[in-house]
Protein chains: 2
Amino acid sequence: MSIDSPTRATSSRTGAASTRAAPAAGVSPRHADGASAVPLYRELQRRLTRALSEGTWPPGAALPSESKLAQQHGVSIGTVRKAIDELVAGKILVRQQGRGTFVAAHTADRLLFHFFHVVPRSDGTSRAPAAAREMPRPMLRSFRRASAGAAVSRELGIERDAPILRIDNLLLLGGRAVIVDEISISAPLFPDLDRVRFEGRPGTIYGLYQADYGINVVRSSERLSAVACPAPIAKLLGLRAGQPVLRIRRIAYTYADRAVESRVSWVDTREHEYLSDLWKSDPDHER
Amino acid sequence: MSIDSPTRATSSRTGAASTRAAPAAGVSPRHADGASAVPLYRELQRRLTRALSEGTWPPGAALPSESKLAQQHGVSIGTVRKAIDELVAGKILVRQQGRGTFVAAHTADRLLFHFFHVVPRSDGTSRAPAAAREMPRPMLRSFRRASAGAAVSRELGIERDAPILRIDNLLLLGGRAVIVDEISISAPLFPDLDRVRFEGRPGTIYGLYQADYGINVVRSSERLSAVACPAPIAKLLGLRAGQPVLRIRRIAYTYADRAVESRVSWVDTREHEYLSDLWKSDPDHER
DNA sequence: TTCGATTTGTTCGTATGTATT
DNA sequence: TAATACATACGAACAAATCGA
């Protein structure tokens with residue numbers, strides 16, 4: 001414990017200098033003439049992202065330690081840290097003091113706080129500070145093969161009529177049907193994925209993408225509108241056709257901003273809301 | 001005024017020596033016994049935020065240079081940079097190489113990219129990459145004094161029935177009425193604000209808060225739901241009562257997470273959408 | 001339980017590059 | 001051109017958390 005810590009003898013002064021010398025195969029796009037001059041940490045960041053997208057370190061795995069990365073790429077630890085900083089901010093990597101740096105994995109928590117934005121309505125009476133979020137319970141309505149229409153082909157960057165998997169899910173919150181999800185993914189990206197395997201997944205859908213197909217969803221963009229509820233949807237949600245329903249069109253992306261899933265969600269907002277708390281705190285919400 | 005006294009002569013490093021004794025005015029919540037031990041950069045961050053909220057540097061103004069801040073607070077430049085890093089990430093400060101670090105001011109750009117999320121629908125045909133955003137044109141519908149109801153008083157942290165200003169705005173996009181805004185703000189916070197002054201503002205509403213009252217909105221949280229459009233709103237938006245409309249309840253915050261505005265927006269999403277692109281790129285989109 | 005090795009977190013300092021004025 | 005200010009990069013030392021022997 002040490003009551004206090006004198007130590008730190010004067011000593012050192014260092015001052016860089018000396019070496020520099022051998023970049024040793026490392027990162028080094030030092031400005032040659034007048035064009036590029038990309039910072040070292042950006043180049044390293046690019047390398048890390050590429051390695052990530054190539055599955056060098058699977059989700060949940062530890063990266064080499066900062067000092068190892070520094071050695072391997074011929075840069076200082078500070079530069080490694082700076083390269084990693086932004087990936088951590090983007091929830092792509094996770095640092096843990098004393099343990100290491102890990103590839104972010106899709107846990108229930110991550111789903112809830114990063115990709116799932118429907119929360120119980122906090123209108124009048126509620127004084128709950130954070131409105132304890134609840135994990136949605138999925139009920140598979142349909143799993144089938146289809147071909148990409150105009151919208152999906154454009155959103156996923158695949159050919160028109162290309163083979164896709166089309167999955168319809170009903171999500172229950174507090175025992176009530178609140179959301180209908182219509183998921184479209186490129187079939188070739190998910191070989192051998194069938195209804196049984198899909199339903200048998202141990203965790204979340206993004207966890208399945210990640211664990212079984214090495215596809216790590218790291219970002220999503222969503223476009224919302226209020227529309228009249230179509231009859232089939234209304235039936236599932238227990239409201240009348242034509243009543244207002246919140247429609248969400250989501251595109252989910254993996255590392256290099258590559259779109260991997262197109263999803264249309266229909267949300268019954270009579271007792272729930274879509275929360276767009278553009279990154280407040282998010283203080284890791286430790287246990 | 002004045003965050004602290006300069007002092008802490010440059011000289012030696014690491015304080016730490018023997019007698020804890022004099023922390024000498026600088027940042028230095030070094031672990032006293034077993035509780036706190038807040039990092040220096042956090043403490044400095046807290047000081048900067050407080051100075052910001054006290055109006056030490058008005059929006060648009062430059063902070064002292066990093067080296068000055070380092071001297072004044074008795075820490076190294078690296079620590080100052082780290083303290084500022086998060087404020088920059090949070091759009092509270094803006095760094096410009098060669099110029100300085102500035103308090104983020106409410107420009108049209110900032111409004112558009114940070115607080116205004118309604119964009120033209122990008123359904124079928126559109127192949128525009130970024131759907132050029134458009135500045136909404138406001139038309140004041142009503143400006144009056146009122147008293148806080150249950151919801152507003154709770155959201156703004158003021159007494160029930162406390163005096164508020166209630167402003168109703170109609171927003172035009174592409175010449176069409178698309179949004180109705182119902183704004184509630186605490187009257188004592190905005191002395192002498194009247195209809196003439198409000199309508200005569202040169203820029204955005206948040207720009208008015210900032211320039212005339214030193215209140216800098218830095219964050220907002222929004223809760224969305226699809227509801228049946230009330231008749232009065234429908235009339236303004238040119239749709240029929242009962243048709244689906246997107247309702248947004250927004251709370252806008254200034255520095256210390258203090259709520260300063262409660263706003264309910266009604267959005268006609270027949271030709272527009274709410275874009276929730278949870279922080280993608282945002283590459284400063286220079287000039 | 002203690003201890004030591006490992007790994008990230010914090011802080012310091014320096015040197016140099018680049019943009020602005 | 002010179003000064004100023006932020007940006008990048010390096011290196012060092014110590015703190016704190018973790019984990020296995």
Side-chain angles (χ1 to χ4, degrees), chain A residues 1-23 26-31 34 36-45 62-71 73-86 88 93-102 284 286, chain B residues 8 10-17 26-31 34 36-45 62-71 73-86 88 93-102 284 286:
Chain A
M1 43 188 70
S2 87
I3 311 297
D4 80 73
S5 50
T7 47
R8 179 128 183 201
T10 67
S11 74
S12 70
R13 170 61 24 58
T14 59
S18 61
T19 55
R20 166 76 76 280
V27 160
S28 58
R30 255 46 272 288
H31 66 306
S36 55
V38 177
L40 290 184
Y41 77 92
R42 286 262 171 244
E43 169 61 18
L44 177 54
Q45 200 176 67
L63 266 64
S65 72
E66 293 174 350
S67 54
K68 278 209 183 65
L69 285 173
Q71 280 181 15
H73 296 87
V75 300
S76 74
I77 280 196
T79 300
V80 171
R81 285 189 68 80
K82 186 154 186 176
I84 291 179
D85 275 345
E86 286 185 34
V88 169
L93 297 178
V94 176
R95 277 202 273 236
Q96 278 183 266
Q97 184 175 358
R99 299 230 302 138
T101 303
F102 304 83
D284 285 25
E286 300 302 83
Chain B
R8 179 119 178 211
T10 66
S11 69
S12 67
R13 63 190 80 275
T14 72
V27 159
S28 57
R30 257 47 273 287
H31 65 306
S36 54
V38 177
L40 289 184
Y41 76 92
R42 287 263 172 241
E43 170 60 17
L44 176 54
Q45 200 175 67
L63 267 65
S65 72
E66 293 174 349
S67 54
K68 277 209 186 64
L69 284 173
Q71 279 181 16
H73 296 87
V75 301
S76 74
I77 279 195
T79 301
V80 171
R81 284 189 68 80
K82 188 156 186 174
I84 291 178
D85 276 344
E86 285 184 35
V88 169
L93 297 178
V94 176
R95 276 202 275 235
Q96 279 184 265
Q97 184 175 358
R99 300 229 302 138
T101 303
F102 304 84
D284 284 25
E286 301 303 82

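Per chain, numbering begins at 1; letters A, B, ... match sequence-line order.
Dashed line: the shortest gap from a side-chain N or O of B:Thr79 to OP1 or OP2 of C:dC12 is under 4.0 Å. Residue B:Arg95 has no polar side-chain atom (N or O) positioned under 4.0 Å from OP1 or OP2 of D:dA5. Contact annotation: B:Arg81 side-chain N/O to D:dA7 OP1/OP2 distance is under 4.0 Å. Checking the phosphate oxygens (OP1, OP2) of D:dA9, no side-chain nitrogen or oxygen of A:Lys82 falls inside 4.0 Å. Checking the phosphate oxygens (OP1, OP2) of D:dC19, a side-chain nitrogen or oxygen of A:Arg99 falls inside 4.0 Å.
Which of C:dA19, D:dA9, D:dT18 sits closest to the side chain of B:Gln97 comes down to C:dA19. Out of C:dT7, C:dT10, D:dC10, the shortest distance to the side chain of B:Tyr41 is found at C:dT10. Distance from the side chain of B:Pro39 is smallest to C:dT10 among D:dC6, C:dT10, D:dA9. Distance from the side chain of B:Ser76 is smallest to C:dT11 among C:dG9, D:dA5, C:dT11. Side chain of A:Val75, nearest nucleotide from D:dT8, D:dC10, C:dG9: D:dC10.
When every heavy atom of A:Ala70 is checked against every heavy atom of A:Ser76, the shortest pair comes out as CB-C, 3.9 Å. Taking every heavy atom of both residues into account, B:Thr79 and B:Leu44 meet most closely at O-CD2, 4.4 Å. In plain terms, the two heavy atoms of A:Glu43 and A:Val38 that are nearest each other are N-CG1, 4.2 Å.
With a 3.5 Å ceiling on both atom-pair distances, C:dT1 lacks any Watson-Crick or G-U wobble partner.
Rounded to an integer number of Å, the gap from A:Glu66 CD to D:dA9 C1' is 15 Å. In this entry the distance linking CZ of A:Phe102 with P of D:dC19 reads 8 Å, nearest Å. Counting to the nearest Å, the P atom of D:dT8 and the CD atom of A:Glu43 are 15 Å from each other. Per the geometry, CG belonging to A:Leu40 stands 13 Å off C1' belonging to C:dT16, to the nearest Å. Rounding to whole angstrom units, CD of residue A:Gln96 and P of D:dA15 are separated by 23 Å. Atom CD1 of B:Ile77 is separated from atom C1' of C:dT10 by 17 Å (rounded to the nearest Å). Residue B:Leu93 contributes atom CG, which lies 11 Å from atom P of D:dC6 at whole-angstrom precision. The interatomic distance linking B:His73 (NE2) with C:dC12 (C1') rounds to 18 Å, in whole Å.
Note that CG of A:Leu40 and NZ of A:Lys82 are 11.0 Å apart. Values are rounded to the nearest 0.5 Å.
At the heavy-atom level, B:Gly100 lies under 4.0 Å from the strands shown only through sugar-phosphate atoms. Contact annotation for B:Thr101: backbone-only contact, meaning every heavy-atom pair under 4.0 Å involves sugar-phosphate atoms and none involves a base.
Legend: residues meeting side chain to side chain contact (heavy atoms under 4.5 Å, CB included) with B:Arg99, ordered by chain and number and at least two apart, are B:Gln96, B:Phe102. In terms of the side chain to side chain contact (heavy atoms under 4.5 Å, CB included) criterion, residue partners of B:Arg95 (sequence neighbours excluded) are, by chain and number, B:Glu66, B:Arg81, B:Ile84, B:Asp85, B:Val88, B:Thr101.
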